[in-house]
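The next block holds one structure in the form of structure tokens; read it before the comments.
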Amino acid sequence: MEAMDIAFFEAAAESLNHSKINYMNMAGIQPVTVEERHVVTRLPANYMHMNHVGIVYAGSYFVFAEASGATLIKCTYAGRYTPIIKSCSIDYVRPAARDLFIDLSMDEDTAREKIAYIEEKGRGRYPLDIPVKDAGGELCATVHIVYYLIRNHENG
């Protein structure tokens, strides 16, 4: 794995709210920690994310988890890959009416194992299970995402 400087992580954090995807920009996902192989993000449970019964809307879980997982991939592999969603499912555990948090990390050996096939072929499937907890630390859902990673030729 190649080392990344602090400016890379600052740019990765900023991309959560300044991306090409307007909905992500409006979602208000807040980077708490963005560093090599570790990302913590917060989604405020405000009017934009509440559904008709006063709990966090399912679509908000999706965009929150997808963006957080993609940021982990970026901060693990120095932006060498573009993640695209191949599939996603959400297992809800309990409703949330408070801010949501995602804390994702990966050790260097796991990161190397997960990317080996993709490094060899230049593209491939990359599954992540993303736990989403509320502000009290209670598990609210697990989002199972399979990204399809494509090598960025300018970064890889």
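We number each residue from 1, following the sequence as shown. For clarity, every value in this text was computed on a predicted model and none was experimentally measured.
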- Item | Side chain proximity check, I118 to Y77, heavy atoms < 4.5 angstrom | no

- Query: What heavy-atom pair brings L104 and P131 nearest, and what distance separates the two atoms?
  - Reply: CD2-CD, 4.1 Å

- Would you call C75 and E36 a side-chain contact if the rule is heavy atoms closer than 4.5 Å? no

- Task: Taking the side chain as every heavy atom from C-beta outward, state whether T76 and I73 have any atom pair closer than 4.5 Å.
- Result: no

- Message: Can you confirm whether N17 sits close enough to P31 that some side-chain heavy atom of one is under 4.5 Å from a side-chain heavy atom of the other?
- Response: yes

- Item | Any side-chain heavy-atom pair of L149 and P83 under 4.5 Å | yes

- Item | Short side-chain to backbone donor-acceptor contact, D134 and L100, under 3.5 Å | no

- Item | Expected output: side-chain D129 to main-chain H144 donor-acceptor under 3.5 Å | no

- Task: For the pair E138 and R98, find out whether any cationic side-chain nitrogen is under 4.0 Å from an anionic carboxylate oxygen.
- Result: no

- Task: Indicate whether any N or O donor in one side chain lies under 3.5 Å from an N or O acceptor in the other, for T142 and D91.
- Result: no

- Query: I29 and A67: which non-hydrogen atoms are nearest, and at how many Å?
  - Reply: CD1-CB, 3.8 Å

- Do F101 and V63 share a hydrophobic cluster, counting only Ile, Leu, Val, Met, Phe, Trp and Tyr and linking them when any side-chain heavy atoms are less than 4.5 Å apart? no

- Message: Nearest 0.5 angstrom please: M106 CE to L128 CG, how far?
- Response: 5.5 Å

- Cluster check L16, I145: I/L/V/M/F/W/Y, side chain < 4.5 angstrom: yes

- Task: Verify, without hydrogens or angle tests, whether R151 (side chain) and R80 (backbone) share a donor-acceptor contact under 3.5 angstrom.
- Result: no

- Query: Would I102 and I85 show up in the same hydrophobic cluster when neighbours are defined by side-chain heavy atoms closer than 4.5 Å?
  - Reply: yes

- Mind listing the closest non-hydrogen atom pair of V34 and A12 along with its distance? CG1-CB, 4.0 Å

- Got a second to check how far L72's CG is from Y126's OH, nearest 0.5 Å? 6.0 Å

- How many angstroms lie between CZ in R94 and CG in L139, if you round to the nearest 0.5 Å? 9.0 Å

- Find out if a path of hydrophobic residues (ILVMFWY) with successive side-chain heavy-atom gaps under 4.5 Å connects I84 to V146. no

- Message: Taking atom OH as the centre, does Y117 end up with more than 12 heavy-atom neighbours from other residues, nucleotides or ligands that are less than 6.0 angstrom away?
- Response: no

- Query: Are the side chain of Y147 and the backbone N or O of A70 linked by a donor-acceptor pair below 3.5 Å?
  - Reply: yes

- State plainly whether one hydrophobic cluster holds both F62 and V39, where clusters connect Ile, Leu, Val, Met, Phe, Trp and Tyr through side-chain heavy atoms under 4.5 angstrom apart. yes

- Message: Once side chain to side chain contact (heavy atoms under 4.5 Å, CB included) is applied, do any residues pair with S105, and if so which ones, sequence neighbours excluded?
- Response: H38

- Task: Check A58 against I90 and note the closest heavy-atom contact, atom names and distance.
- Result: O-CD1, 4.2 Å

- Task: Starting at CE of M26, measure out to CD1 of I21 and round the result to the nearest 0.5 Å.
- Result: 11.5 Å

Just distance, no hydrogens or angles: give the donor-acceptor pairs under 3.5 Å from side chains in residues 40-53, sequence neighbours left out.
unit_1: T41; atom_1: OG1; unit_2: S68; atom_2: OG; d: 2.7
unit_1: R42; atom_1: NE; unit_2: D99; atom_2: OD2; d: 2.8
unit_1: R42; atom_1: NH1; unit_2: Q30; atom_2: OE1; d: 2.1
unit_1: R42; atom_1: NH2; unit_2: D99; atom_2: OD2; d: 2.2
unit_1: N46; atom_1: OD1; unit_2: M48; atom_2: N; d: 3.0
unit_1: H49; atom_1: ND1; unit_2: S60; atom_2: OG; d: 2.7
unit_1: H49; atom_1: NE2; unit_2: A27; atom_2: O; d: 2.8
unit_1: N51; atom_1: OD1; unit_2: V53; atom_2: N; d: 2.9
unit_1: N51; atom_1: OD1; unit_2: G54; atom_2: N; d: 3.2
unit_1: N51; atom_1: OD1; unit_2: I55; atom_2: N; d: 3.2

- Would you name the heavy atoms of M24 and E66 that are closest together and state the gap between them? SD-OE1, 4.2 Å

- Query: Does K114 reach the main-chain N or O of P127 with its side chain, forming a donor-acceptor pair under 3.5 Å?
  - Reply: yes

- Item | Neighbour count above 12 (heavy atom, 6.0 Å) for Y57 OH | no

- In chain order, what residues pass the ring-ring contact (aromatic ring centres under 6.0 Å, His included) check against Y61, with sequence neighbours excluded? Y92

- So, for I130 and A65, which heavy atoms are closest and what is the spacing to 0.1 Å? CD1-O, 3.4 Å

